[in-house]
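In this chain, numbering begins with 1 at the start of the sequence shown. Both counts, for ligands and for their atoms, begin at 1 and track the order of listing. All values below come from the heavy atoms of this structure, side chains included, with hydrogens, waters and symmetry mates left out.
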Amino acid sequence: MSVTTSDEALSDSYALETHGLIKRFGASTAVDGVDLRVPRGSAFGYLGPNGAGKTTLIRVLLGLTRADGGSMSLLGYSVPRHRDQALVRVGAIVDEPRFSGHLTGRQNLQILAAAREPEAPGRIDASLERVGLSHRANDRVSKYSMGMRQRLGVASCLLGDPQLLILDEPMNGLDPAGMQDMRAMIRSFVAEGRTVVLSSHLLDEIERTCDAVAIVDHGKVIRQGPIAELLAGTPLELQVECSTPPHALALLKETNLDAAISVNDGGLTLVFAANTNREVIAEVNRVLVEGGVSVYRLQADQASLESWFLEVTSRLGGPE
Ligand SMILES: Nc1ncnc2c1ncn2[C@@H]1O[C@H](COP(=O)(O)OP(=O)(O)OP(=O)(O)O)[C@@H](O)[C@H]1O
Ligand SMILES: [Mg+2]
């Protein structure tokens, strides 16, 4: 058992770590044995369809609801035991950021800053500037667009000079330009050495914004790692258009190619294991041509993260 004292947060530890985290609502399990390791100074996406348990995980991390099992740490502090120390350097938005509409953006930040450390009020101007809201800071929040509220939410996160930002669906309600701004803002936080954990159901946004991802479905993390590594783990599919598909199949079966082969109208489909060297494509071509088969077209596809995401989430999406 590790014993952590209040000022003993380890600088080389993960920004966020969970082990076997569980949260149940009655008979259903919204967070089901989640293990996460988020390296410091990275953008990490928690990606899953609606109802996958993203918001619930964030609520558990922040202590807004209690875990039913497992353990977790934020910035090296074990929580809930040392939650107060950890949260000093955490900025978070859960669901939609909520503000008082009859107050201005700046007044809302003043109230939030007053509840934080003594340095927080001095960070208000820089935070507004950072999210591009300085020129609207003295307007009432009720007049803000959705995108401006999201920005104000990020500004409120910055009041504590956070080492870790946890953003629940930060792209929600943003138009394409707003999404681009949010993405650039997130990357600029990472460039400063901060860690950003964001949840999303938008694969495309995660792919563009994050260094690593955990894919979650029905409360369970089904894959986790650097995006490039996850993509390398997808099968290689080769479409072959050729004459005499049955003959082509027979020729390929005589070789020791490690592929699942099926015959279709105009040719064959071969599926190779992940990490297969693309030399196999040339090998297939050679075997067929030398065996007297005319090859009209060869097309190799690595599944896109999108098709793979849809496949893994729906494959596991059986009855609850
Ligand atoms: N307070 C609650 N009481 C009962 N069930 C809940 C509660 N909060 C969430 N759930 C259930 O937990 C599951 C996960 O919900 P959660 O809001 O965490 O999903 P999500 O991934 O954030 O979804 P979305 O993309 O729609 O925001 C859902 O089945 C939901 O109905
Ligand atoms: Mg949610």
Side-chain angles (χ1 to χ4, degrees), residues 16-38 43-72 74 79-80 83 90-99 146-147 149-154 156-157 164-175 178-179 182-183 186 196-210 212-225 227 230 305-306 308-320:
L16 164 63
E17 199 171 355
T18 70
H19 293 285
L21 205 59
I22 291 174
K23 175 68 189 178
R24 295 191 194 90
F25 293 112
S28 82
T29 307
V31 176
D32 194 353
V34 167
D35 293 313
L36 292 179
R37 284 164 303 279
V38 179
F44 186 91
Y46 199 59
L47 174 67
N50 293 137
K54 305 180 294 294
T55 299
T56 304
L57 174 89
I58 291 174
R59 291 178 59 81
V60 169
L61 291 173
L62 297 174
L64 300 172
T65 185
R66 274 171 50 152
D68 293 307
S71 62
M72 55 192 153
L74 295 174
V79 290
R83 189 180 316 274
V90 174
I93 307 179
V94 191
D95 285 325
E96 277 168 30
R98 287 189 194 89
F99 297 103
M146 178 73 182
R149 279 169 215 238
Q150 292 280 44
R151 286 165 188 267
L152 189 61
V154 175
S156 73
C157 288
L164 171 62
L165 289 105
I166 301 179
L167 309 176
D168 192 13
E169 307 260 6
M171 309 292 176
N172 262 12
L174 299 183
D175 60 18
M179 282 192 188
M182 181 66 77
R183 196 185 310 139
I186 290 170
V196 181
V197 173
L198 61 124
S199 79
S200 180
H201 60 278
L202 301 174
L203 173 82
D204 185 46
E205 276 311 318
I206 296 273
E207 216 173 343
R208 291 174 190 216
T209 313
C210 297
V213 62
I215 296 182
V216 59
D217 194 31
H218 294 286
K220 281 194 168 70
V221 170
I222 45 189
R223 290 285 191 294
Q224 177 174 187
I227 291 176
L230 292 183
L305 192 50
E306 177 155 35
W308 179 73
F309 169 67
L310 289 173
E311 190 211 313
V312 283
T313 50
S314 59
R315 177 151 37 83
L316 290 179
E320 308 255 320

Taking every non-hydrogen atom, the tightest pair across Cys210 and Ile227: O-CD1, 3.6 Å
Nitrogen or oxygen atoms of Ala52 and ligand 1 under 3.5 Å apart: yes
The Mg ion (ligand 2) reached by Thr56 (N, O or S, under 2.8 Å): no
N/O donor-acceptor pair under 3.5 Å between Glu169 side chain and Thr55 backbone: no
Test item: Lys54 side-chain N/O and Pro49 main-chain N/O as donor-acceptor pair under 3.5 Å: yes
For Ser71, all residues meeting side chain to side chain contact (heavy atoms under 4.5 Å, CB included), sequence neighbours excluded: His19
Side chain Thr65, main chain Val60, donor-acceptor under 3.5 Å: no
Residue selection (non-hydrogen contact nearest atom 25 (O) of ligand 1) among Lys54, His201, Lys23: Lys54
Any N or O of Gly48 closer than 3.5 Å to N or O of ligand 1: no
Close side-chain approach of Ile93 to Cys157, heavy-atom, < 4.5 Å: yes
For atom 18 (O) of ligand 1, the option (of Thr56, Thr65, Val216, Asp217) bearing the nearest heavy atom: Thr56
Geometric N/O contact Gly51 with ligand 1, under 3.5 angstrom: yes
Ligand-side contact atoms (ligand 1) for residue partner Glu169, heavy atom cut-off under 4.0 Å: 25 (O)
